[in-house]
Amino acid sequence: MESDNKRKSSNFIYNIIEEDVKNNTFSDNRVHTRFPPEPNGYLHIGHAKAILLNYNAAKKFNGKFNLRFDDTNPAKEDTEYVESIKEDIKWLGADWEDRLFFASNYFDRMYIYAVELINKGLAYVDDLSPEEIKQFRGTLTEPGKNSPYRERSISENLKLFQAMKNGEYKDGSKVLRAKIDMSSPNINMRDPIIYRISRAYHHNTGDKWCIYPMYDYAHPIEDAIERITHSLCSLEFEDHRPFYNWVLSNLDDFKNEPPKQIEFAKLFLTKTIVGKRFLKKLVDDRKVDGWDDPRLMTIAGLRRRGVTAEAIQKFCEEIGVAKSNSTVDIAMFEHFVRDDLKPKVPRCMAVVEPVKLVITNLPEDHLEWLEMKNNQDNEDLGVRKIPFTKEIYIDRDDFMIDPPKKYHRLYPGNEVRLMGAYFVKCHDYILDVNGLVKEIHCTYDPETKSGSGFTGRKVKGTLHWVSAKVNKESEFRIYDYLIDEQPNDKDEESQKYTLNPNSLIIKKGYVESSLSEALPMQRYQFVRHGYFCVDIQNTDTENLIFNLIVSLKSSWKPV
RNA sequence: UGCCGGAUAGUGUAAUGGUAGCACUACUGACUCUGACUCAGUCUGUCUGGGUUCAAAUCCUAGUCCGGCAGCCA
């Protein structure tokens, strides 16, 4: 739809690209984006925004999208993460085609470019210790001081840098720095370090290198080598942009059509922390069941929870993108999850907290197969049969002895509809020794059969139910937010948030017998409850495990 | 006390000098064999003060508030 398209197209990044295309800023009006993760952790919902933004920007302008691992710090990186990241991005639907790259594949060229900078008098080897470098850097309000090694000759720098590469110095004993301006008001321009010595084993290049380029130096080169046009990154790199441009403007290969760095605000969600430290600590402390625990907003966790890639895509499009930090209400995310699942999945009945209901005017061996549509909004999903018997289960909170006003469900003397079946009227109930309702006794009215067109009288409530005789026992994992209150950044930093002790509640109940053969990752709506997904690890069909994806909304508020 | 950003309903985001719109949330009501969905409606907004202009969310100016920056992390 045109208006739809127009609405989606309006964000400041698309506007910049559109302008560049119009002005032919990049030859042939090409557009080329990339997603550059460091393989040091799992991807989460915040990354999804960045991935899809890059991917959609390329797609929108008939451009290309690369996946590039920014693996310039072997101390923190691992192949395990490379694999999980590839899987997650593929699942999200961002297609890098044959353009999978690694920054580490450019190490040779980066070295040569560093030599070029030295030859131009734009880089020097510094022998200052880390502490000294810090001191010489100055502060936010005071300028830095030049290193005593700043004026070494080009030939000496060349020799020293090569020796660094050849492993002649200890880790941390020397660095290569860009020679810019120690008094710059932008600290990132105070002779930033571009190479350090580190003998860490690299997941890709092994022990070939003992010097590694720093992000600020490596990234513009990576982008330029891949001929990226628009290099999107998060807001905290805004201050780094001058150096990004400095690198490219001083390297002969990249003077033409250098990529443009554009910063945007990353995604924050209420009731959610996606910080790497936070996630890693939860996993390490076994507070959650691995990186793909359904309560985590990792891509893997969301996938296992049953959230669809389409829901995430739609959500990421709708939240838009801007330059101001903001926190999106988790309710918005949940809306798109429901919205996506609504027409797609079958609607069935499940009783999560069972209490027995006996239909006293039905014979003991009554078994009637009733036909139900699988999805009222999608006829393609067909119909199924459900067994109706004398004894059934309903959910405990659908019955009250002393109901409050406006309670539409079952109570003594009240009549409700059993979904897909008949009206039942409660005439009695039995309590157990603890005073808890043990059995509800009703009579049914055969004239009120579902689909019969009966209009004799109306009921206010319709209950879901499951036969007590023909059914499937199931486990329901009811998830809630991992954290109750939104912690501020400092809390996240110091791990001061409190975990919700009720983030996972396991309930045992019943589903319709038609779900007996449900397979892992199959999704359903359990009417009046929410959307559920058979757990991926649930290969034992004897014990079905359903993960709550998202509950249905409800305007019913018990007083 | 330095530099760089930012500020539009409760939340997120449009409007590129010309009717402040969309989505989510909340609340009303209608409908309902899901207290869902759907439909109808309501509440609520341009940070502040000046200026330019026929006309300002938009341009200028002075403030206020918020965020980021002093890793050999990215």
Side-chain angles (χ1 to χ4, degrees), chain A residues 3 6-12 15 19 36-38 40 70 72-73 75-77 126 128-130 133-135 137-144 171-177 184-190 193-198 211-212 214-216 218-219 233-242 263 265 267 270 276 315 318-336 338-339 342-343 347 349 372 376-377 406-409 416-421 423 448 450-451 459-464 489 525-530 551-557:
Chain A
S3 60
K6 238 175 209 162
R7 188 159 53 82
K8 274 180 203 158
S9 72
S10 50
N11 77 51
F12 81 100
N15 291 349
E19 210 44 33
E38 184 187 17
N40 70 344
D70 203 358
T72 57
N73 183 11
K76 292 188 175 176
E77 295 153 9
D126 195 346
L128 252 29
S129 71
I133 286 182
K134 188 181 164 122
Q135 279 168 17
R137 187 152 35 218
T139 69
L140 294 176
T141 51
E142 298 160 30
D171 285 15
S173 61
K174 282 183 168 50
V175 290
L176 184 70
R177 304 179 70 173
S184 170
N186 181 349
I187 290 183
N188 297 296
M189 297 299 269
R190 318 237 260 234
I193 293 166
I194 60 181
Y195 265 95
R196 77 282 214 183
I197 304 171
S198 167
I211 57 170
Y212 291 95
M214 298 285 290
Y215 168 89
D216 279 342
H219 209 83
C233 65
S234 46
L235 250 27
E236 69 263 33
F237 292 104
E238 217 152 10
D239 293 339
H240 299 235
R241 183 162 19 113
E263 309 83 15
L267 171 63
T270 59
K276 270 179 189 152
F315 169 72
E318 291 299 317
I319 54 172
V321 59
K323 290 202 72 164
S324 59
N325 274 314
S326 56
T327 304
V328 176
D329 193 333
I330 192 76
M332 185 124 166
F333 177 74
E334 293 174 350
H335 164 79
F336 286 104
R338 291 187 195 99
D339 199 53
K342 184 174 53 165
R347 299 168 184 179
M349 296 196 286
M372 280 189 88
Q376 304 286 339
D377 300 328
K406 289 193 181 170
Y407 185 79
H408 294 166
R409 286 112 100 146
V416 296
R417 172 174 290 285
L418 295 176
M419 192 180 290
F423 284 7
T448 59
S450 178
V459 287
K460 298 282 274 195
T462 300
L463 308 188
H464 59 277
D489 287 351
Q525 182 198 119
F526 292 150
V527 292
R528 302 212 303 134
H529 279 299
S551 64
L552 253 24
K553 293 211 302 180
S554 174
S555 60
W556 164 247
K557 294 163 225 54

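Each chain gets a letter, A, B and so on, in the order the sequences are listed, and its residues count up from 1.
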S.K.: Indicate, with a heavy-atom threshold strictly under 4.0 Å, whether A:Tyr407 touches base, sugar-phosphate, or nothing.
M.R.: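 Counting heavy atoms under 4.0 Å across all strands, the contact made by A:Tyr407 includes a base.
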
S.K.: Using the C1' atoms only, state how far B:U32 lies from B:C37, rounded to an integer number of Å.
M.R.: 9 Å

S.K.: Can any side-chain N or O of A:Thr462 pair as donor or acceptor with the backbone N or O of A:Arg417 at less than 3.5 Å?
M.R.: no

S.K.: If a stem is a run of at least 3 consecutive Watson-Crick or G-U pairs, both distances under 3.5 Å, which stems include RNA chain B?
M.R.: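 When the pairs of RNA chain B are grouped into runs of at least three, the stems are B:2-7 with B:64-69, B:10-13 with B:21-24, B:26-30 with B:38-42, B:47-51 with B:59-63.
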
S.K.: Can you measure A:Arg241 atom CZ to B:C3 atom C1' for me and round it to whole angstrom units?
M.R.: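 For the pair A:Arg241 CZ and B:C3 C1', the rounded distance is 13 Å.
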
S.K.: Between A:His219 and A:His240, is the gap from one ring center to the other below 6.0 Å?
M.R.: no

S.K.: Scan nucleotides 69-74 of chain B against the protein and return all N/O pairs shorter than 3.5 Å with their distances rounded to 0.1 Å.
M.R.:
{"residue": "B:A70", "atom": "O2'", "partner": "A:Arg137", "partner atom": "NE", "Å": "3.3"}
{"residue": "B:G71", "atom": "OP2", "partner": "A:Arg137", "partner atom": "NH2", "Å": "3.0"}
{"residue": "B:C72", "atom": "OP1", "partner": "A:Arg137", "partner atom": "NH2", "Å": "3.3"}
{"residue": "B:C72", "atom": "OP2", "partner": "A:Arg137", "partner atom": "NH1", "Å": "3.0"}
{"residue": "B:C72", "atom": "N3", "partner": "A:Gly172", "partner atom": "O", "Å": "3.1"}
{"residue": "B:C72", "atom": "N4", "partner": "A:Leu128", "partner atom": "O", "Å": "3.2"}
{"residue": "B:C72", "atom": "N4", "partner": "A:Pro130", "partner atom": "N", "Å": "3.3"}
{"residue": "B:C72", "atom": "N4", "partner": "A:Gly172", "partner atom": "O", "Å": "2.9"}
{"residue": "B:C73", "atom": "OP2", "partner": "A:Arg196", "partner atom": "NE", "Å": "3.2"}
{"residue": "B:C73", "atom": "OP2", "partner": "A:Arg196", "partner atom": "NH2", "Å": "3.0"}
{"residue": "B:C73", "atom": "O3'", "partner": "A:Arg196", "partner atom": "NH2", "Å": "3.3"}
{"residue": "B:C73", "atom": "O2'", "partner": "A:Asn73", "partner atom": "ND2", "Å": "3.0"}
{"residue": "B:A74", "atom": "OP1", "partner": "A:Thr72", "partner atom": "OG1", "Å": "2.8"}
{"residue": "B:A74", "atom": "OP1", "partner": "A:Arg196", "partner atom": "NH1", "Å": "3.4"}
{"residue": "B:A74", "atom": "OP1", "partner": "A:Arg196", "partner atom": "NH2", "Å": "2.9"}
{"residue": "B:A74", "atom": "OP2", "partner": "A:Tyr215", "partner atom": "N", "Å": "3.0"}
{"residue": "B:A74", "atom": "O3'", "partner": "A:Asp70", "partner atom": "OD2", "Å": "2.9"}

S.K.: Sticking with atom P, work out how far B:G5 lies from B:C60, rounded to a whole angstrom.
M.R.: 14 Å

S.K.: Is a side-chain N or O of A:Asp329 found less than 3.5 angstrom from the main chain of A:Thr270, in a donor-acceptor match?
M.R.: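 Such a contact is absent between A:Asp329 side chain and A:Thr270 backbone.
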
S.K.: Would you mind reading off the distance between A:Asn325 atom CG and B:G6 atom P, rounded to a whole angstrom?
M.R.: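 To the nearest whole Å, that distance equals 12 Å.
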
S.K.: Just how far, in rounded Å, is P of B:U8 from NZ of A:Lys323?
M.R.: 16 Å

S.K.: Starting from C1' on B:U32, measure out to NE2 on A:His408 and report it in whole angstrom.
M.R.: 12 Å

S.K.: Supply the atom-to-atom distance A:Lys174 NZ to A:Ile197 CD1, rounded to the nearest 0.5 angstrom.
M.R.: 7.0 Å

S.K.: Given the C1' atoms of B:G45 and B:A9, what is the spacing between them in whole Å?
M.R.: 4 Å

S.K.: Going from NE2 on A:His464 to CE on A:Met349, what distance comes out if it is rounded to the nearest 0.5 angstrom?
M.R.: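 Here the rounded value is 8.5 Å.
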
S.K.: Using the C1' atom on both, measure B:G6 against B:C43 and round to a whole Å.
M.R.: 28 Å

S.K.: Could you check whether A:Arg190 gets within reach of a base, just the sugar-phosphate, or nothing at all, counting any heavy atom under 4.0 Å?
M.R.: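 Nothing: the residue A:Arg190, judged by heavy atoms under 4.0 Å, touches no strand.
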
S.K.: What contact category does A:Ser324 fall into here, base, sugar-phosphate, or nothing, at under 4.0 angstrom with non-hydrogen atoms?
M.R.: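 Answer is sugar-phosphate: A:Ser324 comes under 4.0 Å of backbone atoms only.
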
S.K.: Give one of base, sugar-phosphate or nothing for A:Glu142, where a contact means two heavy atoms less than 4.0 Å apart.
M.R.: nothing

S.K.: Using the P atoms only, state how far B:U58 lies from B:G51, rounded to an integer number of Å.
M.R.: 14 Å

S.K.: With the 90 degree cut-off around zero defining syn, does B:G10 come out syn or anti?
M.R.: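 In terms of base orientation relative to the sugar, B:G10 is anti.
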
S.K.: Rounded to whole angstrom, note down the P distance from B:A57 over to B:A15.
M.R.: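 My reading of the P atoms in B:A57 and B:A15 gives 15 Å.
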
S.K.: Collect all protein-nucleotide pairs involving nucleotides 43-47 of chain B in which both atoms are nitrogen or oxygen and the distance is under 3.5 Å.
M.R.:
none

S.K.: Quick one: label A:Gly420 by what it contacts on the DNA or RNA (base, sugar-phosphate, nothing), any heavy atom closer than 4.0 Å.
M.R.: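 Counting heavy atoms under 4.0 Å across all strands, the contact made by A:Gly420 includes a base.
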
S.K.: Who are the ring-ring contact (aromatic ring centres under 6.0 Å, His included) partners of A:His335, not counting sequence neighbours?
M.R.: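 A:His335: no ring-ring contact (aromatic ring centres under 6.0 Å, His included) contacts found.
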
S.K.: Which parts of nucleotides 24-30 of chain B does protein reach within less than 4.0 Å, heavy atoms only, written one letter per nucleotide 5' to 3' as B for base, S for sugar-phosphate only and - for none?
M.R.: SSSS---

S.K.: Tell me whether A:Arg338 contacts the main-chain N or O of A:Ser551 through its side chain, where contact means a donor paired with an acceptor under 3.5 Å.
M.R.: yes

S.K.: Rounded to the nearest Å, what distance is computed from the CG atom of residue A:Leu235 to the C1' atom of nucleotide B:G67?
M.R.: 8 Å

S.K.: What interatomic distance, in whole Å, is found between C1' of B:C72 and the corresponding atom of B:C22?
M.R.: 48 Å

S.K.: Applying salt bridge (Lys or Arg N to Asp or Glu O under 4.0 Å), can you list everything that pairs with A:Glu263, at least two apart in sequence or on another chain?
M.R.: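 A:Glu263 satisfies salt bridge (Lys or Arg N to Asp or Glu O under 4.0 Å) with A:Arg241, A:Lys323 once adjacent residues are dropped.
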
S.K.: Any base atoms under 4.0 Å from A:Gly461, or only sugar-phosphate, or nothing? Heavy atoms, all strands.
M.R.: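 Result for A:Gly461 = nothing.
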
S.K.: Taking all atoms of both residues into account, what is the closest heavy-atom pair of A:Pro130 and A:Gly172, and its distance?
M.R.: CD-O, 4.1 Å

S.K.: Would the distance check show the side chain of A:Asn188 and the main-chain N or O of A:Asp239 forming a donor-acceptor pair, the cut-off being under 3.5 Å?
M.R.: yes

S.K.: Which comes earlier along RNA chain B counting from the 5' end, the contact point of A:Val321 or that of A:His529, where each point is its nearest nucleotide?
M.R.: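 By nearest-heavy-atom nucleotide position, the 5'-most residue is A:Val321.
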
S.K.: Do side-chain atoms of A:Thr448 reach the backbone of A:Phe423 as a donor and acceptor pair under 3.5 angstrom?
M.R.: yes

S.K.: Sub-3.5 Å donor-acceptor pair from the side chain of A:Ser184 to the main-chain atoms of A:Asn186, do we have one?
M.R.: yes

S.K.: Please give, in whole Å, the distance from B:U11 P to A:Glu334 CD?
M.R.: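 Rounded to the whole Å, the gap is 18 Å.
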
S.K.: With respect to A:Asn40, which candidate in A:Glu77, A:Lys276, A:Lys76 satisfies the side-chain hydrogen bond (donor to acceptor under 3.5 Å, both in side chains) definition?
M.R.: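 Among the candidates, only A:Lys276 passes.
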
S.K.: When you measure from the side-chain N and O atoms of A:Ser326 to the phosphate of B:U13, is any distance below 4.0 Å, counting only OP1 and OP2?
M.R.: yes

S.K.: With rounding to whole Å, what would you report as the distance between B:A56 and B:U61 at their C1' atoms?
M.R.: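 Pairwise C1' distance, B:A56 against B:U61, rounds to 14 Å.
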
S.K.: Could you report the tightest heavy-atom contact between A:Ala265 and A:Ser324, atom names first, then the distance?
M.R.: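 Looks like CB-O, 3.4 Å.
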
S.K.: Could you state the CZ-P distance from A:Phe12 to B:G5, rounded to the nearest angstrom?
M.R.: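 For the pair A:Phe12 CZ and B:G5 P, the rounded distance is 13 Å.
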
S.K.: Hey, what do you get for CG (A:Leu267) to CZ (A:Phe315), rounding to the nearest 0.5 Å?
M.R.: 5.0 Å

S.K.: What is the separation between atom CE on A:Met349 and atom P on B:U34, rounded to the nearest whole Å?
M.R.: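 It works out to 12 Å between those atoms.
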
S.K.: What I want to check is whether an N or O donor and acceptor connect the side chain of A:Gln376 with the base of B:U34 at under 3.5 Å.
M.R.: no

S.K.: How many angstroms lie between NZ in A:Lys134 and OG in A:Ser129, if you round to the nearest 0.5 Å?
M.R.: 11.5 Å

S.K.: Between A:Arg528 and A:Glu238, who's closer to the 5' end of RNA chain B by nearest nucleotide?
M.R.: A:Glu238

